[in-house]
Number of protein chains: 2
Amino acid sequence: MARERKRIDTAAISPLTVNRLSIYLRSLRRLLEEGVLRISSERLARRFNLSSAQIRKDLAQFGEFGVRGVGYDVAELVERLSSLLGLDRTHRIAIVGMGNIGTAIARFPAFNSGSFLVVAGFDNDPERIGRRIGPVVVRSTGELVDAIRETGARIGVIAVPADAALWVFARLAEAGVRAVLNFAPIALSTTAECRVKNVDLRVHLEELAFFLERPEGGVGV
Amino acid sequence: MARERKRIDTAAISPLTVNRLSIYLRSLRRLLEEGVLRISSERLARRFNLSSAQIRKDLAQFGEFGVRGVGYDVAELVERLSSLLGLDRTHRIAIVGMGNIGTAIARFPAFNSGSFLVVAGFDNDPERIGRRIGPVVVRSTGELVDAIRETGARIGVIAVPADAALWVFARLAEAGVRAVLNFAPIALSTTAECRVKNVDLRVHLEELAFFLERPEGGVGV
DNA sequence: TCATGTGAAGCAGTTCACAGCG
DNA sequence: CGCTGTGAACTGCTTCACATGA
């Protein structure tokens with residue numbers, strides 16, 4: 001199946017490209033369900049409003065996936081993108097902070113299907129400790145480092161208040177977590193040991209507020 | 001207080017800039033609490049690891065906020081950024097889909113404090129309709145258009161499955177919603193009537209999976 | 001022939017470095 | 001003097017357009 005191998009330095013790939021690969025994969029899976037066997041970058045782009053040149057450039061970074069004059073084999077591309085994205089194994093996830101966001105994440109299908117599995121949840125609140133939320137029984141944050149080492153989770157989710165986030169981040173890194181999805185309203189920075197993806201809902205909301213038409217019809221400063 | 005007025009075409013401002021304004025505002029509020037009166041772009045940048053040149057460039061798009069040789073007045077800048085971001089009025093929010101994510105959003109402080117207020121929540125599931133979640137009583141999705149018109153919400157949150165998202169988006173636009181935060185795993189596009197911000201948790205998760213170190217130590221394609 | 005893969009061009013966003021002003 | 005505000009340089013991402021090869 002693999003036509004050639006190409007060594008890729010993942011660090012050299014832009015996150016923007018990787019995000020698009022996810023989108024391509026999702027789109028292709030849809031086509032697969034519909035029974036589409038082959039597709040050109042042009043038709044794929046039109047169908048899911050993407051850019052055909054971008055699709056070709058993105059894929060070309062990782063090898064030659066298509067056949068000139070024909071297009072891409074849908075099943076093969078799904079296979080290759082899955083493997084590229086690291087979805088051919090199971091990633092165990094630990095969630096810290098089982099409030100609104102933490103609870104939603106614990107129960108969210110994308111975090112508990114296919115290649116992802118929530119294996120631990122932590123909170124400070126004695127009310128929550130011991131309760132089952134989604135697939136996990138909530139444990140005390142005090143147990144975090146040991147418990148995560150036991151589970152072998154490599155992905156962490158931070159869903160605690162801003163003032164606790166830095167402390168939690170340090171504990172997660174200490175416990176061997178190598179990637180973090182951070183929902184706390186403070187920008188954490190990727191370190192040598194641990195990559196961070198910040199998701200700041202307040203910032204998103206304020207972006208929308210900014211672009212909402214102004215009552216006076218212009219921005220006065 | 002306002003030193004000069006400058007008409008700005010908001011459509012010409014990059015979302016990236018707007019997102020940074022949110023971050024600056026949050027940082028400055030923190031300084032305000034600490035009693036800091038004046039700050040230079042350099043010290044602000046060091047404190048919150050930002051870029052000082054970027055801060056100056058971003059602010060300069062909207063007027064002259066600082067004093068040369070001195071820096072910025074913290075209280076004044078907080079005031080100006082708040083107004084710039086449209087946070088000097090209350091934005092009413094409607095949520096469609098009161099599952100895990102919708103529920104978390106309804107209860108999330110950032111969506112129910114300061115300038116934002118959740119005023120309506122909708123779901124199809126008869127089990128959920130009539131139940132109180134956060135500040136709202138869940139209504140049937142069938143009532144969506146009329147109910148949103150009544151409340152006057154201009155911001156919508158889509159937290160429904162992918163196959164319902166397009167339909168919901170059309171109804172929201174019809175009801176007068178002008179900005180949407182979309183959590184459904186399908187990329188909606190901004191239209192003339194309604195701006196979209198897609199937040200795709202699965203894509204974020206797959207990004208982290210991609211950059212996780214590979215078992216074999218390289219990407220084979 | 002037809003669609004990929006790809007240099008080259010174009011555009012956007014960031015950083016530099018300093019003139020200008022309080 | 002010190003820090004802002006800003007043109008100019010730079011970096012990186014996207015789009016174009018076509019040579020290449022099944």
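Residue numbering restarts at 1 for every chain, and letters A, B, ... go by the order of the sequence lines.
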Check whether NZ of the Lys or CZ of the Arg A/R80 lies under 6.0 Å from the centre of the six-membered ring of A/F65 and within 45 degrees of that ring's axis.
yes
Once you round it to whole Å, what is the distance between P of D/dG12 and CG of B/L16?
16 Å
Among C/dT14, C/dG5, D/dT14, which nucleotide sits nearest the side chain of A/A60?
C/dG5
Please check: side-chain N/O of A/R178 versus main-chain N/O of A/E193, any donor-acceptor pairing under 3.5 Å?
yes
Along DNA chain C (nearest heavy atom to each residue), the more 5'-positioned of A/A53 and A/G71:
A/G71
Think A/R214 forms a cation-pi with A/F210, using NZ or CZ under 6.0 Å from the six-ring centre and within 45 degrees of its axis?
yes
Measure the distance from CG on A/D73 to P on D/dA22 and round it to the nearest whole Å.
17 Å
Residue-phosphate contact under 4.0 Å: A/Q54 side-chain N/O, D/dT15 OP1/OP2:
yes
Donor/acceptor link under 3.5 angstrom from A/R68 side chain onto base of D/dT20:
yes
Short side-chain donor-acceptor distance under 3.5 Å, B/T190 and B/R195
no
Less than 6.0 angstrom from the centroid, inside 45 degrees of the normal: does B/R38 satisfy that with respect to the ring of B/Y72?
no
Sugar-phosphate only, base, or nothing, as touched by B/T17 at under 4.0 Å among non-hydrogen atoms
nothing
Using whole Å, report how far CG of A/L77 lies from C1' of C/dG5.
14 Å
A/Y72 has an atom OH; how far is it from atom P of C/dT4, in whole Å?
5 Å
Looking only at side chains, do A/R92 and A/T151 share a donor and an acceptor under 3.5 Å apart?
no
Rounded distance in Å - CZ (B/R56) to P (C/dG20)
16 Å
Atom CD1 of A/I55 and atom P of D/dT15: how far apart are they, to the nearest Å?
11 Å
What is the distance, rounded to the nearest whole Å, between atom CZ of B/F65 and atom C1' of D/dG5?
12 Å
Taking every heavy atom of A/L172 against every heavy atom of A/G156, the minimum-distance pair comes out as CD1-CA, 4.5 Å
Quickly work out the B/R20 CZ to C/dT14 C1' distance and round it to whole Å.
8 Å
Taking N and O atoms by type only, does the side chain of B/K57 place a donor or acceptor under 3.5 Å from a partner on the base of C/dT15?
yes
Which residues in residues 38-51 of chain B have at least one heavy atom lying under 4.0 Å from any atom of DNA chain D?
B/S40, B/S41
